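Input: a single structure, listed below in structure tokens.
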Amino acid sequence: STPPKNTATRRLNSARLATMRSPAGLVVVGAGLVALPGALACSNILVSKSAAADGFVHTSYNADDAALFGATPRYPAATHANGTLREVYSWDLGIKLGAIPEAAATYNVMGNANEHGLVIGETTHGGLEILSNVGKTQADGFAIDYGSLIWLTLQRAKTAREAIDTMVALATEFGYASAMEGFSIADPDEVWYMELLGRGDLDEGVLYVALKLPEGAVLAHANQARIREFLPCDDPETCRCSADVVEFATENGFYDAAVDGAFSFSDVFDPVTFEGARFCEARVWFVFNEVCGAGGCADFDADEFLPYAQGRDLGKRMPLWVTPSTKVSVAAMRAIMASHYEGSWFDPAVDVGAAAEHSPYRWNGLSWSVDGASYVNERPIGTQATGWHFISTIKPDVPPPMRAVLWWGADDHAWSPTIPLHGGAAASHASYDDADCMSRSTCRTVKKLPGTTTDLSFDAAWWLSNLVADVVYTRYDRAASVVKEAQKNLDATLSVKLAAAEAQATSLFEQGFETEAVEVLSRHAVEAGATATATWTALWKSLMTSFIDGMTLKLDPEESTCGCRKEATTFSDAWLEKVVLDAGDKYAEPEGVASSTSTPAETTHASTTQPKGGLRGDHRAPSTPTRGVERKAISKLAIKGVVG
């Protein structure tokens, strides 16, 4: 395959090369340059106003981490006395990083949105190990990780541009304790995409590039850095970056202009590997393929970039964004965020690994081997490992607390309910609430919030979503459509309630009753959570009664025992043929084998000397004349105890 454009990403000077190591799980690129594979988690879609069907800015975010407890972060607006310190915890590691001075005043934050309509999401890129500060704390000079950076910024910034400045300033002043990240930053008017990483022990501060998404464009990222050539970055209205980014890369042996040509941020700091293409960029390929659709995109051809997404041609990089000819709807975004590569080359539901019910999920990780050969499983956007997710709508011409609405859900995007939450809402239902815990179990226990990753609670939305999803995973063909219908019905119910709440809040804002208006938004958030939790509790119970023990329950009022009947699952001929191909005649029903009670043809009318009676356990017929008596046995497949 073609190598990445910047060959400098495979070089380091000999002194640094001698100090670098290749710990398990890291990707060694060429002559010793070590790239972190990242957490291989998360997907984001960014949609500009003029690319959206409704004319509003939208972003989406799946936070993928199988151990992440999905609950809504919440930080009430507050004022703080001079000298007040804010404790900072690592979102990924759960450890205390340190403490920094609080801002004099902080804004209300609900999930990943604030009361001014600012929304921030992310995906972890990893980047070069030598520039990572993961595991370091304030004692080492690094007090803010990428997760805390998001929520600190939401509390301190009103717009996307303010957010970029705030994030860079906080990470520079207090030290950035993470690896390379991609941040989606949006307000009612514009969307920005920023890639940011630390400088390791080589220097202080951070390296970053932030680009404004052009009107009409759609961008996606999923754990692989995507910003390539961006210089000259001389218009702050559309581009912002570290002033010394090229100088730093050159001085430290990451880039040589004479050899590498134009400077590429992603090729230098997060070189693409097979894993980066197949596990990460393939998601982006699918997003672009879906939003371009039948109308196409002038700047993207799915067939052209398929070898790159497959990991077979790493030099065929995709564009940073595309410009669809068809407007993108929220429904389309949700379908993509819940997708499993349906209908594409990557579709995992069509091979033998999908089993009898065409499941797109695989439980043996992303890689496996047979006879020394390595293989992979696909990593679809709608992964079972999602902790929580949202799709945002950001409107400009409404009161600030109403600008950002997150349709927020816990666990797998494909099978969970989503509830509308305003950035200005000050409360959430207990089943969704994470307060300021950042999903840390110890914090949730202290605050008496329901459930943790290791403590199942029927009062926690995350656990209810997991229970419903787990039924689908093992009964995909039968249960998936049931859950999709439940989502559709709940969405309709919550949309009506959202419209009513917004109408009431708008009236109060117009009359100057801001406190009362916010109370309406908060009450709506609590009620939406309660409705979703009650609905999903009932759904799980229904799924369990409908599909328990591999059977499918059908209501039958004429059946006197349970008012129901149980039916065995019917598998496709294609799957049954695979079983026969694999097992041969092991399960074949032999032809021409007579019943043990059959009478040979030549003695059909004979014998009145059969044994009398029949002992317990003896299934032969009693000693009565057989002449003219039908001795057809009841089929074992008609007995409840046999077929269940």
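Because the structure is a prediction, the values reported are computed rather than measured.
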side-chain hydrogen bond (donor to acceptor under 3.5 Å, both in side chains) for His524 and Glu502? Distances and angles first, verdict last.
CA-CA 9 Å; His524 166 260; Glu502 290 191 330; over 6 Å; no
What is the distance from atom [atom1] of [X] to atom [atom2] of [Y], rounded to the nearest 0.5 Å?
| X | Y | atom1 | atom2 | answer |
| --- | --- | --- | --- | --- |
| Tyr61 | Ser184 | OH | OG | 9.0 Å |
| Met180 | His125 | CE | NE2 | 5.5 Å |
| Trp462 | Leu467 | CH2 | CG | 9.5 Å |
| Gln504 | Leu508 | CD | CG | 6.0 Å |
| Glu115 | Arg403 | CD | CZ | 10.0 Å |
| Ile419 | Leu490 | CD1 | CG | 9.5 Å |

Distance-only criterion, 3.5 Å: show the donor-acceptor pairs between side-chain atoms of residues 525-536 and protein atoms not counting sequence neighbours.
residue : atom : partner : partner atom : Å
Thr531  : OG1  : Lys497  : NZ           : 3.2
Thr531  : OG1  : Glu527  : O            : 3.0
Thr533  : OG1  : Ser431  : OG           : 2.6
Thr533  : OG1  : Gly529  : O            : 3.0
Thr535  : OG1  : Thr531  : O            : 2.7
Trp536  : NE1  : Trp415  : O            : 3.2

Under 4.0 Å between a Lys/Arg side-chain N and an Asp/Glu carboxylate O for [X] and [Y]?
| X | Y | answer |
| --- | --- | --- |
| Asp434 | Arg444 | yes |
| Arg278 | Glu378 | yes |
| Arg226 | Glu281 | yes |
| Asp491 | Arg334 | yes |

Evaluation steps, side-chain contact (heavy atoms from CB on, under 4.5 Å), between Glu357 and Thr569:
CA-CA 10 Å; Glu357 298 213 41; Thr569 303; 4.2 Å; yes
Contact between [X] and [Y] at the side-chain level, heavy atoms closer than 4.5 Å - yes or no?
| X | Y | value |
| --- | --- | --- |
| Tyr107 | Leu118 | no |
| Ile185 | Met167 | yes |
| Ile144 | Leu97 | no |
| Cys292 | Val322 | yes |

Heavy atoms from other residues, nucleotides or ligands near [atom1] of [X] exceed 12 (cutoff 6.0 Å):
| X | atom1 | result |
| --- | --- | --- |
| Glu514 | CD | no |
| Asp351 | CG | yes |
| Lys554 | NZ | no |

Measure from the ring center of Tyr193 to the ring center of Trp321 and say whether it is less than 6.0 Å.
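No, ring centres 6.0 Å or more apart.
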Test His221 against Val287 for side-chain contact (heavy atoms from CB on, under 4.5 Å), laying out the working first.
CA-CA 9 Å; His221 57 105; Val287 172; over 6 Å; no
Whether Phe346 and Tyr341 hold their rings parallel, tilted or perpendicular, with breakpoints at 30° and 60°
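Plane angle between 30° and 60°, so tilted.
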Which donor-acceptor pairs under 3.5 Å do the side chains of residues 380-393 make with protein atoms, sequence neighbours left out?
residue : atom : partner : partner atom : Å
Thr383  : OG1  : Ala385  : N            : 3.1
Thr386  : OG1  : Asp64   : OD1          : 2.7
Thr386  : OG1  : Thr383  : O            : 3.3
His389  : ND1  : His413  : ND1          : 3.3
His389  : NE2  : Asp411  : O            : 3.4
His389  : NE2  : Ser416  : OG           : 2.7
Ser392  : OG   : Thr59   : N            : 3.0
Ser392  : OG   : Thr59   : O            : 3.3
Ser392  : OG   : Thr59   : OG1          : 2.6
Thr393  : OG1  : His58   : ND1          : 3.1

Using a distance-only test with no angle check, is there a side-chain donor-acceptor pair under 3.5 angstrom linking Ser148 and Asp145?
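Their side chains do contain a donor-acceptor pair, which is all the 3.5 Å distance test asks for.
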With side-chain contact (heavy atoms from CB on, under 4.5 Å) as the test, would you mind laying out the steps for Phe458 and Thr537 before giving the verdict?
CA-CA 8 Å; Phe458 288 99; Thr537 300; 5.8 Å; no
Show your working on side-chain contact (heavy atoms from CB on, under 4.5 Å) between Met438 and Trp151 and close with a plain yes or no.
CA-CA 10 Å; Met438 296 176 68; Trp151 287 295; 3.9 Å; yes
